[in-house]
Amino acid sequence: MEKYDVIVVGGGPGGYVSALRAAKYGKKTALVESEFLGGTCLNKGCIPSKTLLRHSEIIEDIKKAQSWGINTGELSFSFDEMLQRKDSVIQKLRNGINHLIRSGEVALYNGKGNIKPNKEVEVHTEQEVKRIQGDKIIIATGGSPAIPAIEGLDTATYHTTDTIFDIDQIPSSIAIIGGGVIGVEMANLFSSLNTEVTIIEMEKRIISTEDEEASKVLLKNLKKKGINVLTKQKVASVYQSESKKTVFVSSSNGKETAIEVEQLLLAVGRKPNLSAVEQLDIKRKGPFIDVNEYLETSMQDVFAVGDVIGGLQLAHVASAEGLTAVENLDEKRKQMNYSHMPRCIYTQPEIASVGMTEKEVKDKGITYKVNKQPLSGNGKALAMGETEGFMKIITEEKYGEILGVVLAGAHVTEMISQSASYMQLEGTVDELAELTQPHPALSEGIMETANALIGKGIHTH
Ligand SMILES: Cc1cc2nc3c(=O)[nH]c(=O)nc-3n(C[C@H](O)[C@H](O)[C@H](O)COP(=O)(O)OP(=O)(O)OC[C@H]3O[C@@H](n4cnc5c(N)ncnc54)[C@H](O)[C@@H]3O)c2cc1C
């Protein structure tokens, strides 16, 4: 039996990054993946969604440009070609990871991994079962779409994010169950493709874990696009007829509404993939694998990272956890730190945050200061015709430590790392206020907000 210093099970952003770093540290490393390298993120998540969302952004830009005197004739698009482009982006990145794995001297096993209590891993393919032995194991098996218990769903056809990126035609109408990050991104996409979209959200607002004002700005924009957003409403049942689905929705006051749609998309969260650990007596935290701050599970020399441990289910978080786990393979060296993880929503406008929300700060009883400045007066925002949104900074009152930043507006997902860097380096709001930003730039809004917060605003109060 082939022996390895480290066996990583799962080749998503948590797993393949861990494997490459472990190999770089001189560990004899194996990576077991049952489907495609890149995991959910590359194949069914971040990359297909962002590629298709780029198309919707262009469609919106073309529509907007007409009111600026730029005319392109009647707007038309080929969904087939959009899907082909999406597939080619995925393929390019898959090839890239394959190349990295090969040149990084990681042994790749294509098959379903099953971890035994003695850290032997069985790799099942259709033809055979291979057995490999690990000194250390990293579980990075990710997650899959959760399917809610809804009456009639078992006899209806529906999509999850595992299938929606491969539909062959644009639906005339779609109901999206779940108004979280994935739900609102998909609503944005389909609405630009002229699909009639309804979002059904149980909570009192969409993106309920994020900043309340960001949620409001996004809601306003989704509504402006003609998206029907139902909040505090629960799907009671689904009825499938030959060509349509009827979604019965009940509100908290008992009122029932029936919505007829061509397609149904479930976007209600994700559950961990646990088939690899079925034979292990490993501690759980709810449905997820429990780990400590060193990413160690309850089993000696077995670590877990990424969506399979729950928490912030984001690709860069999975990778950061993977890198941290590798640091701790031989001895406890590094604790996982989640306080500066950016969280991005790729809608129009985009929403990007880092650190605590105002609610979290309040709930923790921290005395804080907050300032929010709209983008409506920002020169670059006006030049681009992208004035929707704001920049908000929350600081601890006494020393001005930056506790949280929320940006809503165009391209803010590219801008949030600037604030994250300050936070990581324990910078204060005074230091952030002093940084000269280029002009004209949307990021001037961060400088303005920081200055306003310390009473030094030039264009702001
Ligand atoms: C539609 C959508 C959009 C998203 N957009 C973003 C975004 O913009 N930004 C962001 O940061 N995050 C985004 N995410 C979340 C992101 O995709 C995940 O957080 C990330 O992929 C988690 O990485 P992971 O390595 O933990 O797991 P995964 O990426 O799920 O990878 C796990 C891998 O393990 C494999 N596996 C499972 N069981 C076994 C087994 N027994 N043996 C062998 N292999 C196994 C799976 O095949 C899979 O390839 C999005 C998710 C979705 C669904």
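Remember, it's 1-based here, ligands and their atoms both numbered in the order they're listed. Heavy-atom basis, side chains included; hydrogens, waters and symmetry copies ignored.
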Checklist entry - Is the number of heavy atoms from other residues, nucleotides or ligands within 6.0 Å of CD (Q279) greater than 12? => result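 Yes.
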
Next on the checklist: Using a 6.0 Å cut-off, check whether atom NZ of K234 has over 12 heavy atoms from anything other than its own residue.
Outcome noted: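 Open: at most 12 neighbouring heavy atoms sit under 6.0 Å from NZ of K234.
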
Evaluate [X] for polar contact with ligand 1, using N/O atom pairs at a separation under 3.5 Å.
| X | result |
| --- | --- |
| V308 | no |
| D307 | yes |
| L314 | yes |

Judged on heavy-atom distance to [atom], which of [options] sits nearest?
| atom | options | result |
| --- | --- | --- |
| atom 23 (O) of ligand 1 | G306, P13, P342 | P13 |
| atom 28 (P) of ligand 1 | V123, T40, N110, I164 | T40 |
| atom 8 (O) of ligand 1 | K50, K44, E122 | K50 |

Next on the checklist: Quick check on Y16 - does any of its heavy atoms sit under 4.0 Å from an atom of ligand 1?
Outcome noted: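 Distance cut 4.0 Å: Y16 fails for ligand 1.
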
Next on the checklist: Heavy-atom contact check, 4.0 Å cutoff: does G111 meet ligand 1?
Outcome noted: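 Yes; G111 lies near enough to ligand 1 that a heavy-atom distance drops under 4.0 Å.
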
Top protein contact for [atom], by heavy-atom distance:
| atom | result |
| --- | --- |
| atom 39 (C) of ligand 1 | T141 CG2, 3.7 Å |
| atom 36 (N) of ligand 1 | S34 OG, 3.8 Å |
| atom 48 (C) of ligand 1 | E33 OE1, 3.4 Å |
| atom 10 (C) of ligand 1 | A315 N, 3.5 Å |
| atom 42 (N) of ligand 1 | G113 N, 2.7 Å |
| atom 2 (C) of ligand 1 | G45 CA, 3.3 Å |
| atom 15 (C) of ligand 1 | Q313 O, 3.6 Å |
| atom 25 (O) of ligand 1 | G14 N, 2.8 Å |

Exam field: side chain [X] to backbone [Y], donor-acceptor pair closer than 3.5 Å:
| X | Y | value |
| --- | --- | --- |
| N378 | A441 | yes |
| S237 | G152 | no |
| T195 | P171 | yes |
| E360 | T357 | yes |
| E321 | G306 | yes |

Determine whether the side chain, the backbone, both or neither of [X] has a heavy atom under 4.0 Å from any heavy atom of ligand 1.
| X | result |
| --- | --- |
| V9 | side chain |
| S275 | side chain |
| I182 | side chain |
| T161 | side chain |

Item to check | Modelled atom types, side-chain donor and acceptor of S353 and K392, under 3.5 Å | outcome: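 Their side chains do not contain a donor-acceptor pair, so the 3.5 Å distance test is not met.
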
Next on the checklist: Can a side-chain donor-acceptor contact be found between E388 and N221 if the only test is distance below 3.5 angstrom?
Outcome noted: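 On atom types as modelled, these side chains qualify, holding a pair under 3.5 Å.
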
Contact check, side chains of [X] and [Y], non-hydrogen atoms, under 4.5 Å:
| X | Y | answer |
| --- | --- | --- |
| Y422 | H340 | no |
| E203 | T231 | no |
| V291 | T297 | yes |

Within ligand 1, which atoms have a heavy atom of [X] less than 4.0 Å away?
| X | value |
| --- | --- |
| G39 | 29 (O), 31 (O), 48 (C), 49 (O) |
| S49 | 3 (C) |
| F36 | 49 (O) |
| R270 | 53 (C) |
| G143 | 30 (O) |
| V32 | 43 (C), 44 (N) |
| A140 | 32 (C), 33 (C), 34 (O) |
| G12 | 25 (O), 29 (O), 31 (O), 33 (C) |

Item to check | Check against side chain to side chain contact (heavy atoms under 4.5 Å, CB included), N328 and E296 | outcome: CA-CA 8 Å; N328 298 322; E296 292 169 312; 5.7 Å; no

Checklist entry - Which pair of non-hydrogen atoms, one from G179 and one from I199, has the smallest distance, and what is that distance? => result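 Closest approach of G179 to I199: CA-CG2, 3.7 Å.
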
Checklist entry - Can you tell me how far CD of E33 sits from CG of N110, rounded to the nearest 0.5 angstrom? => result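 One finds 8.0 Å between CG of N110 and CD of E33.
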
Item to check | Partner of K27 by side-chain hydrogen bond (donor to acceptor under 3.5 Å, both in side chains), out of D5, D135, D330 | outcome: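 Between K27 and the candidates, side-chain hydrogen bond (donor to acceptor under 3.5 Å, both in side chains) is satisfied uniquely by D330.
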
